[in-house]
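See structure below.
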Amino acid sequence: MIDGILLGLQTVMTLQNLGLVLAGCAAGTLIGMLPGLGPISAIALMIPVTYGFDPASGMILLAGVYYGAIFGGSTSSILINAPGVAGTVATAFDGYPLSRQGKAGKALAVAAYASFAGGTIAAIFLVLAAPSLAELSLAFQSADYFVLMLLGLALVAAFSERGDYLKAILMTIVGLMLSTIGTDLSAGVQRFTFGRMDLIDGISFLLLAMATFALAEAFMMVLKPAPKAETQFPTYADLSLSRQDVKRIVPSIGRSSVLGFLVGTLPGAGATIASFLAYGMERNIVSSAEREQFGKGSLAGLAAPEAANNAACTGSFVPLLTLGIPGSGTTAVLLGALIAYGVQPGPRLFIDAPEVFWSVIVSMYFGNMILLVLNLPLIPQIARVLLLPRPILVPLIMFFSVMGVYLVSFNSFDIQLMLMIAVAAVTLRLLEFPMAPLLLGFILGGMLEDNLRRAIILSDGSGSFLWDRPLTLTLVIVTAVVIITPLIRYSLPQKQLRDTG
Amino acid sequence: MKPWLTNLRIVGIFFLLVSLGYLWTAQTIPLDFWSEQEPFNARSLPYLIGMACVIVSLLMLILPSPTFDWAQLLELNIVPAVIMLALLSTYGFMIDKLGFLFSTFCLLASGFLLLGERRPLRILLVAAGVTGTFWFIMDLLGIYLNPGDLFLDWS
């Protein structure tokens with residue numbers, strides 16, 4: 001292992017590769033900050049640039065872009081409630097309210113510290129435990145993944161406000177419904193396309209995220225103009241954290257980093273589930289006074305998903321580098337890049353291209369350090385986005401959202417579809433229905449179906465896969481408890497429900 | 001007596017109908033003979049999701065539901081939002097015809113004006129600046145943006 005780290009350091013510590021880490025982080029932050037352009041788009045855009053480099057340098061650059069884009073996505077989540085990627089949706093839950101309270105600088109500083117700590121802790125874990133964690137990931141089978149995904153979906157609903165439980169469950173199901181639109185790849189048949197060619201590939205995640213978050217938020221700004229006081233954003237973004245703030249976020253960061261890393265190592269799980277799980281876990285662990293603040297601008301509620309999504313990004317490299325299985329959409333793009341370089345990821349990567357494996361791991365640490373050094377001093381400048389007057393800011397958000405989707409497909413039908421979904425999202429938001437569960441249901445829909453199909457086929461059509469193995473059975477029991485408990489709480493104390501109809 | 005029709009129940013009724021339509025459409029998904037015999041096919045998950053949606057929608061109708069303040073919806077600025085929606089939709093239709101530069105400039109300038117910006121110089125400078133910078137960055141990245149069918153036909 002020491003030899004590997006030394007080899008990684010030797011590869012990274014060249015002027016060119018350090019420059020590439022820096023360039024990758026800067027480019028990723030800038031691209032990721034634009035609503036609609038997340039790490040997948042950022043990495044895809046940068047892949048052609050890396051073709052001139054050797055595989056290790058190429059991967060170092062792309063890993064930097066990945067981290068930068070995640071941080072940039074967090075920035076846009078906090079400042080304008082427009083998560084460009086699913087992994088930063090949970091960041092917006094508390095980051096945006098903090099920003100609305102005039103604490104944008106503090107929120108961005110917490111995000112930067114939490115991301116750095118999460119990424120660093122996970123990078124150390126990766127070095128120490130990569131081989132054994134790969135074995136742990138291997139122990140998971142389709143049935144476990146299926147139940148794990150159900151658990152992830154149920155947790156989002158379970159951790160919503162008491163009266164919002166059914167709303168969150170319904171929105172999750174609607175997200176799952178939307179994920180079934182398009183071609184069923186296993187059978188090659190079209191589902192719910194109503195004969196439209198534009199729907200054959202289904203609805204893209206980016207389109208749905210932009211329509212339900214960025215665009216819907218921009219329309220909400222038009223529908224509900226903020227009172228004058230709220231539009232007076234601070235000219236100076238205060239980055240300082242009090243000792244009390246630090247005390248509040250340190251335990252959250254520690255717990256969420258470990259959780260994020262572990263979830264990230266599971267193929268298919270990734271930063272999204274990690275951030276939602278960390279948010280949910282933190283909300284359950286903190287004091288009741290702090291819990292009240294969740295969703296209204298809690299520092300712990302912001303630090304947890306930020307640390308977890310960065311840790312999960314690092315964790316997602318475990319299945320990619322050791323098994324050749326992408327842990328997320330972003331690592332799938334990275335997998336494509338590796339193959340394009342002529343490197344075959346998998347167990348033999350250690351032997352065939354150790355410099356790629358170790359330099360990527362070492363570059364993660366450097367990338368996190370550069371992000372902190374690069375982004376913290378720039379935070380006041382980044383926060384200046386908030387000073388833009390609304391009549392200018394709102395059309396700009398709308399334009400970037402629409403272009404983010406249009407630039408992927410160059411199909412103007414997508415713009416119309418996006419507008420239709422945005423109208424539905426605004427209506428539902430006005431009726432106080434949450435959008436995040438819809439997005440998560442949509443993202444996990446495809447993977448959920450793949451794993452359920454595999455589990456059912458492997459058990460010859462029987463449902464016994466749910467209780468055959470102790471691991472699956474444990475996950476099933478936990479999931480059932482998570483789904484049923486809030487439902488019982490919701491329906492039993494009817495007298496206590498405020499002004500019931 | 002509290003009104004029975006709350007926000008929860010309206011959405012519940014809507015999605016009950018949607019889920020019934022979804023289930024009806026799911027059973028029209030084409031399957032070949034072999035797929036029909038399989039324990040899990042292209043219809044399986046849609047059936048499960050559709051049924052779950054029916055159950056949750058019914059629960060929303062049956063379980064107690066907090067009252068909703070409908071009056072707040074009357075205070076919304078609906079007219080500018082609808083006009084902005086129409087502008088974006090027109091932009092979607094026109095971007096290929098009129099080209100990125102012209103249609104984006106028009107969208108941004110009219111959007112700024114619609115939402116209350118009254119300084120003509122700021123409107124023109126920001127709209128032109130954003131459009132030009134975006135075009136330049138995309139050009140640098142090697143991403144082609146259509147100058148417009150009308151422009152191409154003319155040239």
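Chain A is the first sequence line, chain B the second, and so forth, proteins listed ahead of strands; every chain is numbered from 1. Remember, predicted model here, so these are calculated numbers, not experimental data.
Considering only heavy atoms from C-beta on, B/Arg43 stays 4.5 Å or farther from A/Val189 through its side chain. The side-chain heavy atoms of A/Lys224 and B/Gln72, taken from C-beta on, include a pair separated by under 4.5 Å. Side-chain contact between A/Ile392 and B/Glu117 is present, with heavy atoms from C-beta onward closer than 4.5 Å. At least one side-chain heavy atom of B/Leu76 sits less than 4.5 Å from a side-chain heavy atom of A/Leu430. Side chains of B/Ile29 and A/Phe192 form a contact here, defined as non-hydrogen atoms less than 4.5 Å apart. Taking the side chain as every heavy atom from C-beta outward, A/Pro389 and B/Arg122 approach each other to under 4.5 Å. In this structure, A/Ile173 and B/Met51 have side chains that are not in contact, with every pair of non-hydrogen atoms separated by 4.5 Å or more.
Within the 4.5 angstrom heavy-atom criterion, only side-chain atoms of B/Leu48, from C-beta onward, approach chain A. Looking at B/Ala127, neither its backbone nor its side chain comes within 4.5 Å of chain A, counting heavy atoms on both sides. A/Phe194 touches chain B through its side chain: at least one heavy atom from C-beta onward sits under 4.5 Å away, while N, CA, C and O do not. Contacts of A/Val426 with chain B are absent, with no heavy-atom separation under 4.5 Å from either backbone or side chain. The contact between B/Phe112 and chain A is made by backbone and side chain atoms together, counting heavy-atom distances below 4.5 Å. For A/Met171, the part lying under 4.5 angstrom from a heavy atom of chain B is the side chain only.
Put simply, of A/Ile456, A/Ile415, A/Val402, A/Ile457, the one with the most heavy-atom pairs under 4.5 Å next to chain B is A/Ile456. Here B/Leu88 is the residue among B/Val126, B/Leu88, B/Thr25, B/Leu108 with the most heavy-atom pairs under 4.5 Å with chain A. Counting heavy-atom pairs closer than 4.5 Å to chain B, the top residue among A/Gly461, A/Pro395, A/Gly441 is A/Pro395. Between chain A and the residues B/Met94, B/Met84, B/Met60, the most heavy-atom pairs under 4.5 angstrom are made by B/Met60. Ranked by heavy-atom pairs under 4.5 Å with chain A, the first of B/Ser44, B/Ser19, B/Cys53, B/Ser35 is B/Cys53. Contact count against chain A (heavy-atom pairs under 4.5 Å) is highest for B/Asn7 among B/Thr28, B/Asn7, B/Leu87, B/Thr104. With chain B as the partner, the residue from A/Asp184, A/Leu428, A/Val222 showing the most heavy-atom pairs under 4.5 Å is A/Val222.
Between B/Gly50 and A/Met177, the shortest heavy-atom contact is CA-CE, 4.5 Å. Across B/Ala42 and A/Arg191, no two heavy atoms sit closer than the pair O-NH1, 2.7 Å.
With hydrogens and angles disregarded, no donor-acceptor distance shorter than 3.5 Å links the side chain of A/Glu449 to the backbone of B/Leu45.
For the 3.5 Å distance criterion, the side chains of A/Thr180 and B/Tyr22 qualify, holding a donor opposite an acceptor.
Aromatic ring orientation, A/Phe399 versus B/Tyr91: perpendicular (interplanar angle above 60°, classes split at 30° and 60°).
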Margin query: Test side-chain contact (heavy atoms from CB on, under 4.5 Å) on B/Leu8 and A/Leu431; report intermediate values, then the result.
Written below: CA-CA 8 Å; B/Leu8 217 66; A/Leu431 294 172; over 6 Å; no
Notebook entry, point to check: Taking it one step at a time, do B/Phe100 and A/Met403 satisfy side-chain contact (heavy atoms from CB on, under 4.5 Å)?
Noted result: CA-CA 10 Å; B/Phe100 173 81; A/Met403 282 317 287; 3.5 Å; yes
